[in-house]
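Structure first, then comments.
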Amino acid sequence: MTAPLIIFFVLAALAVLGAISLILQREPIHSALSLIVVMVALAGLYLLMGAEFVAAVQIIVYGGAIMVLFVFVIMLLNAGKEERTNFSKLATYAGIPLAVATTGFIAAAIAWSSGSLPAAEPSGALTSTKTLSLLLFNEFVYPFELTSFLILVAILGAIVLAQRES
Amino acid sequence: MIAFSGHLLTVVIFFPAFGALALLFLRSDDELWIRRLSFVVSTVEFLFSLLLLRAVPIGQAGYSLEEFGHWISSPPINYHLGVDGISLFLVMLTTFLTPICVLASWHGVHHRIKEFHVMLLLLEVGVVGVFLSLDLFLFFLFWEIMLIPMAFLIGIWGHERRIYAAVKFVLYTMAGSILMLVGIIWLYNATGTFDLPIIQKLLHDGALVLPERTEMILFLAFFLAFAIKVPLFPLHTWLPDAHVEAPTAGSVILAGVLLKMGTYGMIRFCLPLFPDASRRAAPYVAVLAIIGIIYGALVAMVQPNLKKLVAYSSVSHLGFVVLGIFAFQNISMQGAVFQMLAHGISTGGLFLLVGMLYDRRHTFEISDYGGLSTPMPKLAAFFLFVVLSSLGLPMLNGFVGEYLILLGTYQVHWNWAAWAAIGVILSACYLLWSYQRVFFGEVTQQKNRELADASVREKWILATIAVVILWMGIGSPFFTQRFAAPCKTVIEQMNRNVMHEVAVPGTPRLASNRPADNSTERLASR
Amino acid sequence: MSSLNQQMLQNLRLVLPELIWCGTGVFLMLIQPFLKNRQALTFLAMVGTSVGTLATFYGFFGSAFFAQIQFDTFSLFFHWLVGLISFLVILASDSYLEREKLDSAEFYALIMFATAGMGVLASAQELLTAFIGLEMSSISSYVLAGYRRDSVKASESAVKYFLLGSFATAFFLYGIALVYGVTGSTNLVRLADADPSSNLLRLGLTLILVGLGFKVAAAPFQVWTPDVYEGAPTPVTALFSAGPKAATFALLLRIFSTVHAATQFWFWAFWILAGLTMFVGNLGALVQSNVKRMLAYSSIAHAGYTLVAFAAVTSVRTDPESVAPAYAAVLFYLASYALVSVGSFTVISELGGQGERYLTFDDFAGLGTRQPFAAAGLSLFLLSLLGLPITAGFFGKFYIFKAAIHSDLLWLAILMAVNSVIGAYYYLRLIVVMYMREYKGTLPADASQGLSPTAAMVVSVAAIITLYLGLAPNHVLGIVLSQNLILSAR
Amino acid sequence: MPTPAHPILDYLWIIPLLPLLGSAINGLLGSKWPNKIVNIIALGSTGLSFACALEAVREFHGYYETRHHAFVKPFFDWIVAGNFRAGFDLQFDQLTVVMVLVVTGVGFLIHIYSTGYMAHEGGYYRFFSYLNLFMFFMLILVLAANFAFLFVGWEGVGLCSYLLIGFYFLRQSASDAGKKAFIVNRIGDFGFMLGMFLLFRSYHSLDFQTIFDTVTNGNVGVEPIGTFGIMTVTCLLLFMGATGKSAQIPLYVWLPDAMEGPTPVSALIHAATMVTAGVYVVARSNVLFTHSLTAMSVVAIVGCATAFFAATIGLVQSDIKRVLAYSTVSQLGYMFLACGVGAFGAGIFHLMTHSFFKALLFLSAGSVIHAIGGEQDMWGMGGLASKIKVTFWCMLTGTIAIAGFIPFAGFFSKDAILFAAFNYQFNGKVLYGVGLLAAIFTSFYMFRLIWLTFGTQPRYDERKVHVHESPKNMTVPLMILALLSLVGGWVAAPALWGGRNYFAEFMAPVFGGEKVEGAEAHSLEMILSGVAVAAALVGLIVAWRMYTKGAKRPALAGAYKVLYNKYYVDELYQTVVIGPLMWLSRNLFWKVVDVGVIDGTVNGIASGATAVGDTVRHTQSGNTRSYAVWVLVGAIVVLAIIFWPILHPVLVGGVR
Amino acid sequence: MIPTGHYLLLSAILFGLGIVGFVFKRNIITLFMSIELMLNAVNLAFVAFSQALHKADGEVFVLFVIVVAAAEAAVGLGIIILTSRNRRSLNVERVDLLKL
């Protein structure tokens, strides 16, 4: 077993555990922290694959900005312990099995056909930020510009929704 | 006159719509002028339809006054109109009954008078359109359009359970017609056209041969829609409700014309387009028709409600028509067409009369009447006249149709005719019994003692109906000679691809010493 | 450099509508502090919408931005459609916003952005761009759904829409990822060359179907629809039921007409979704007592009808030449439904009274005499939904039937016929209530006295177009049937 | 083609048209007119019609001399469809001569009588309108040249019968009787119509001449007895119609009830003319009937049975008109018996004489009822002979005539029938025996009627009832009819002493020459005549013994009760046919099948859809978590469909 | 030498856990976190494919996804705040006024 593989498994385990913890924690704040763990683990994996810019963005924007927003809202709303109500009979009895079944389905399909995938690229050749930016401003310039409007929408939406009645 | 001579059919179809439009400009509390205007419009419309009479030469099988215009290019839907001997009289029946309905509603309809007449005229547009369309799509369009004004007539101006009846009417009809739409589209898929004459020509030339199963399915899709409209047993239960709840004018149009759309559809579409399927289905259809004849009559006999009784009598009478159509005999086919017209007049007349009674007493229960001959002898006389026409007294219109149907049917299926003829007995039973209970005997209820006899308006309505009844009963060739050729054509189209001998159940023994005859009837019977 | 500029300008011409719509949105936001006049804002928004829509004439057929965008008759059609929808919704919102005392600048801005998103969806040739477009319209929609901040129902509507919508988006995105993995690209042109037997590709497309199926409210992904539609401000509901749905269908059509993986299994998927959706929508609507919610269920049913045409498109029995009418059926149906839906929700929005309180069937009793115009308009729309001739809905249904039968989907056609009859029942019920029942009790003082002029305009426009499409469907059909559509999609 | 030499024959329609005009004028305008004007219209039209008929007969005489075939003239088309044509075609031949004269002549007399009888009734104009209408239809019936047009008259007279029976519509029993008459007739018409259809199927025409010529010239074999060939079926179906119209078993039940109508109606319609229409049709179709021995036998047996059966009921009836009604049924039976045994001429002869004396009897009975103030029960009469002498003598004439005493009309016709029956090849003796028995009964009940009505002491309250003789306009027709009852049979009289039977000879062109009678046959006829007169005497004597003195209404018991209640046939029909049919219609067809099953299914579908809709609605729980699960369900469904090729072997394999 | 399949499987598992979280959690905020988890799984898949295919555009997609996630977070949290203000509860099961 090579080192990258070991690292992979460690990070993968971390991510999975973080995700499970996210589910099992009853305090929202704990869940949020668990999610951050997942994100950090994923960032590690990105690095492992050589996607350094993405890894950085993952940490900075995702782990940093977005999750801070979550934590902030949790604090703001003073969200207490999650109450585990079971009003939905369907979700209570069929929810987890169906979720697992769906996952199993997807996972099985992927496992089944991963052989047909292009050969896996070992970590090494890092994707340069330049390549990314060229792509971003050439091929993907239109969606990129659209995202600016998207963010504008988000800002507008947040303002509209969160403002107090005058 | 010259200006629209090329578009007479368009004028006949849409003139009432303009009348309706004109009505909209009247103030809605200006009752008198609303009524007058709609009467004038519908009368003028009737006069227009009389012009058609001139345009349909006696003995001509094809369509006259054809109008053709491209409407939608893909799929090719055309504004294709035409009139032949069969549709001619159905159109005239419609245009004849509409002014009468306006008159009949003069005092019977009290609220939303403007809307009422608008709906009546729009209904006329739809019905006339159905009869004059030669494009399957156009036909379907008018077929559906006419539902709405009818539903409104029932639902707004009807009686206690009017909403139930209106909804039932629409849903029943729609259930059938939507399947017909599927059938029409399927047929289009097979032929690439909605044009009826073209499809007929394709079938005739053998350019189009529908597989057996497809033909049957298509036949059923069309037939179901028509059978519901007719209504054929056991699809008839919308009819009593619709009739009982509808206002008089609604009942008259419903019984007089709308039911005929079903039988008209059978003649115009089912038989010529799907001859083999029709032939295979005929025994089953005939059995249903016969059940309808007898069953309708028996149920009519025990109805405590006068209007329901007339409604069930329609089930019985229309059973004759269906039987006549599906006997595939020239004679019975002509009888069926004639019966359609006759039933329109006489059952329309019955509904008018029942409506007049209702206007006075506000009840349809037979038990609330009794002895009405004493306070209203004239109305009683008219009622009896119409009853007699309905039960098929010779020299009145009801007889000719029934007689020809039975005669024609008998030529190939004596047992069908024999069973159906029981209906002739039963019709006398329920009609005379109900007439007796309503008009004969002592007046039992104080309220009935003071009832007014027929007013001048009512007398005019009834006299018109009576004259037509008599005329149709005596001068039937005036009618039959005009639709003889189209009927014969239908039969011929039925027979064009008879390759093999189709065994006709129940006839052979008597047929043994029948002289040879190579008329069309013989062909049809094979 | 200049050639690059030149090229850029050419590119921009193709996205001009979106730019104008977004620009109007930004402009509205900027001017909001200075312009308090609601009607002026409405006017501005309408000008923006119409100019954006008309800007399509400045464009040309072709692709732009490295084949991210494909501008063809198909996208032209949807640009006009969403433009028209937004125009009408904005017009209809005017009186609503006044009555509910809501800020209009943000509202219109959000609609503008949503419209731009739908425009992107309609012309996207690339899944990622489509995703951004989808998100633009979705995120705007989430906000619009909760725009009545003080309303408990509206916020619930927003939260449900948001949570479930994001959930579905995740599926969609995952699907894109898988497609990308198989084809090495997210461009639909490349997708066409992909090996249709690849399981990963199939999985990806399936997940995309789940995501988009959610957006178009196909059963069993329809669950969010009634709740969200009911809770959202009615003009917004009008928008939801017409715009995003149409745009998402556009994308779905683009994807699944491109995929050569049109095996019988896609066909069966659409078959079953269509059948389920029709039944769920119609049967659900059958038992509603709230008109708005009834129309929400009905919108599910209509998505089902549209899916019938999808089944026809993907049917293995369909030969390539004859797929065109099936596309046409989808497009025509969406157009006819969208107009009718906007029209009917507009009437509902006017009649609901402040806080949308008078929306039960009983509140509609006697409307025929109380408000003849509103009742007549609503009736016309209901009849179109019902599929009665001389309305747009009839031809919509007709073309779908035709497509279905052409592809030998007889049973699906029959199911659709059965559903049409079920549908007829509840549409008629409302008409019956309006015209044949008297209003019981006294009319509340704050109940609407009549349509506002703007709403009346919306109703008139929608009614006229409904009738126009019902009498002369040829012109619109000519557009949707033109060759470009097929060529570019393939 | 006819020449101008025959003004009436060429315009033959004038004969039926006149009464129609009279009817229309009176019916439409008469309500406001005094009786006098109504009289003028009604009598004028009928009288003119009678005159025209006479002229037509005269012209026909000349016509036949030169052409030797019936006069047939089509006037205009009535129903045309395909190869079917029914026209307003009129025919005039020897049979028509008899019928037209009887109808117009007796009809005219009864019209006159009615002006007196109905003078004080309400609806005077209506009555005459109906009566004229009846004349019209009856004339159509006898003049028609094809079956379809004959059917017009056939149904039309049924209608008039309905109207006139129910003339006193305030009485429930009257309107019931009218309805019953019409419906029972309809049952017969059912057969008649089918018969017509079968004829058309066989001969592609309904014209008498075409059909009869085809049969006569077409080498159509006679269908032997016991077989049911096409001819037999046709004839039996036609005969079914005849049993309805002419009140034969099993459809006779309407006629006794028909006595609810005014008495002149009973005389005209239910004695003299309409009820004989069945006989007329059978006679008219004699060409057909003679080709089927089975049908002939059936006709004979039914006729004979009816003659006997009705006579037995007549024995005990207490209502004067009912006695006459059953007598009519019985006499009609004789006529059918005659036809059945091939003696069509005798049948028509009896038809004619019967129309004289039965009209006479009815009118006299009417006169009695008129005199005694409306009472119809014979047990409430008695001793009237001295008070209403004219009526008494007329009635007595009629009674003698019907009983068959020589030389009255009835004797000759009945004798001819019995003689023909005696000679009939299949069980002729039995038919004769039963017929003779019926003749005894006839004589008995008729003389019983005379004694109960006119003999002994009054049984009514003389202080309350003022008996008075009827006015002239009633008694004069009586006297004319009495005369006819006496002399009406004399045209056939010479046959009795070996001379010519003028009547039979006259009818020969229609019925074919009757069998040439040898001397042996002649002596037999003499013997049988004697027997017949003896039989009448027996009846007379028994009646005399029983009713001359101290006659009292007998207690209802035993056979008497059965007879009095007409063998309970009405009750039988009621319980076996009508009751169950109504019950079934109401409780099974309407309430169970229609409302329950069919409408139940329809509404069931609707409520089923609503129920399913409710279920669908409840999946919409409002809980976002549930919704998420639904999305998953959808995802799995779609995944399962798409991956079915892979999934399928896995799943199926797993099951295995 | 890590096969792409490994990454993909991990991505699938994380995606699945996101689904599980979505149907299991009740707090709206954590529900939303589950969605973020799913988006992260998608990102992982994109990066893995991108590396496997030697194409950088997969990573560009990740950037877009992150931006979209951010936008969603802004709006989503706004909605959550609104809801909690209106309903005084963050339990998604208690937000069930609209139903049937």
Side-chain angles (χ1 to χ4, degrees), chain B residues 168 171-172 234 236-238 240 295 298-299 301-303 329-331 334-335 338 371 373-374 377 384 388 393-395 399-400 403-404 406-408 410-411 414 417-418 421-422 424-425 428-429 432-433 436 439-442 474 476-477 480-481 484 488 510 512-515 517 519-521, chain D residues 27 31 76-84 86 88 126 148-149 151-156 159 162-163 166 169-172 174-176 178-179 182-183 185-187 189-190 193-194 196-198 200-204 229-230 233 581-582 584-586 589-590 593-595 597-599 602 606:
Chain B
K168 197 173 180 181
L171 288 187
Y172 241 113
H236 63 275
T237 53
W238 64 269
Y295 173 93
L298 286 177
V299 177
M301 195 153 67
V302 293
Q303 291 304 318
Q329 284 291 299
N330 189 1
I331 295 177
Q334 292 189 37
F338 196 91
S373 276
T374 313
L384 181 65
L388 292 172
L393 195 81
M395 305 279 269
F399 174 76
V400 181
Y403 188 81
L404 287 178
L406 293 174
L407 179 70
Y410 193 94
Q411 306 309 310
W414 67 269
I422 294 176
V424 178
I425 304 175
C429 296
L432 291 182
W433 191 36
Q436 178 194 20
F439 285 98
F440 287 161
E442 301 280 357
I474 298 172
S476 74
T480 47
Q481 67 190 356
K488 199 171 164 204
L510 286 174
S512 55
N513 52 3
R514 189 173 64 202
D517 182 344
S519 67
T520 44
E521 281 75 20
Chain D
S31 57
F76 74 96
D77 291 345
W78 174 40
I79 305 179
V80 180
N83 58 348
F84 173 76
F88 278 29
R126 196 159 58 89
F149 197 36
F151 195 66
V152 172
W154 184 265
E155 286 275 287
L159 162 72
Y162 166 78
L163 292 172
F169 59 81
L170 292 181
R171 275 212 310 263
Q172 176 72 25
S175 58
D176 275 347
K179 185 184 71 190
F182 198 92
I183 291 169
N185 267 307
R186 267 274 157 138
I187 296 172
D189 297 346
F190 167 78
M193 270 168 65
L194 294 186
M196 275 193 280
F197 300 154
L198 191 50
F200 182 74
R201 182 165 148 161
S202 310
Y203 306 107
H204 310 294
I230 195 160
V233 174
L581 198 64
M582 296 291 277
L584 276 180
S585 303
R586 180 172 290 119
F589 293 143
W590 179 31
V593 177
D594 217 57
V595 176
V597 178
I598 300 175
D599 224 24
V602 172

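Remember, predicted model here, so these are calculated numbers, not experimental data. We name chains A, B, ... by the order of the sequence lines, and we start the count at 1 in each one.
Residue D:Ala606: no heavy atom, backbone or side chain, is found under 4.5 Å from chain B. Both the backbone and the side chain of B:Leu406 come within contact range of chain D, judged by heavy atoms closer than 4.5 Å. Contacts of B:Trp238 with chain D are absent, with no heavy-atom separation under 4.5 Å from either backbone or side chain. Using a 4.5 Å cut-off between heavy atoms, B:Leu404 touches chain D through its side chain atoms alone. For B:Ala484, no part sits under 4.5 Å from any heavy atom of chain D, backbone or side chain. Of the atoms belonging to D:Met582, heavy atoms from both backbone and side chain fall under 4.5 Å from chain B. Heavy atoms closer than 4.5 Å to chain B are found in both the backbone and the side chain of D:Asp176. Both the backbone and the side chain of B:Glu442 have a heavy atom closer than 4.5 Å to some heavy atom of chain D.
Closest approach of D:Gly82 to B:Asn330, counting heavy atoms only: CA-ND2, 3.7 Å. Heavy-atom minimum distance, B:Ile425 versus D:Arg186: CG1-O, 3.8 Å. B:Ala421 and D:Leu194 get closest at one heavy-atom pair: CB-CD2, 4.3 Å.
A distance of 7.0 Å separates CD of B:Gln436 from OH of D:Tyr162, quoted to the nearest 0.5 Å. Atom CZ of residue D:Phe151 and atom CG of residue B:Leu393 lie 9.0 Å apart, to the nearest 0.5 angstrom. Separation of atoms OH (B:Tyr295) and CG (D:Asp594) is listed at 3.0 Å; rounding is to 0.5 Å. With rounding to the nearest 0.5 angstrom, the NZ atom of B:Lys168 is 3.0 Å from the CG atom of D:Asp599. A distance of 11.0 Å separates CG in B:Leu407 from CZ in D:Arg201, rounded to the nearest 0.5 Å. To the nearest 0.5 Å, the span separating CZ on D:Phe589 from CE on B:Met301 amounts to 9.5 Å.
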Exercise for the section: Using the side chain to side chain contact (heavy atoms under 4.5 Å, CB included) rule, take D:Ile183 and B:Trp433 through it: C-alpha gap first, then chi angles, then the decisive distance, then the call. Expected result: CA-CA 10 Å; D:Ile183 291 169; B:Trp433 191 36; 6.0 Å; no

Practice task
Dump the intermediate steps for ring pair (Phe, Tyr, Trp, His ring centres under 6.0 Å) on D:Trp78 and B:Tyr403, then the final yes or no.
Solution key: CA-CA 12 Å; D:Trp78 174 40; B:Tyr403 188 81; 7.3 Å; no

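Remark: side-chain polar atoms of B:Thr480 are paired, donor with acceptor, to backbone N or O of D:Val80 under 3.5 angstrom.
Annotation: side chain of B:Phe399 is in contact with side chain of D:Ile79 (closest heavy-atom distance under 4.5 Å). With a 4.5 Å cut-off on side-chain heavy atoms, B:Gln411 and D:Phe84 do not count as touching. When side chains are defined from C-beta on, B:Ile331 counts as touching D:Phe200, because their heavy atoms get closer than 4.5 Å.
Shown here are the side-chain contact (heavy atoms from CB on, under 4.5 Å) partners of B:Ile422, two or more places apart in sequence or in another chain: B:Ile294, B:Trp419, B:Leu426, D:Phe190. Residues satisfying the side chain to side chain donor-acceptor pair (under 3.5 Å) test with D:Asp77, not counting sequence neighbours, are D:Arg85.
Comparing B:Gly371, B:Ala418, B:Pro240 by how many heavy-atom pairs each has under 4.5 Å with chain D, the most go to B:Ala418. With chain B as the partner, the residue from D:Val597, D:Val595, D:Val593, D:Leu584 showing the most heavy-atom pairs under 4.5 Å is D:Val593.
Aromatic ring orientation, B:Phe440 versus D:Phe169: parallel (interplanar angle below 30°, classes split at 30° and 60°).
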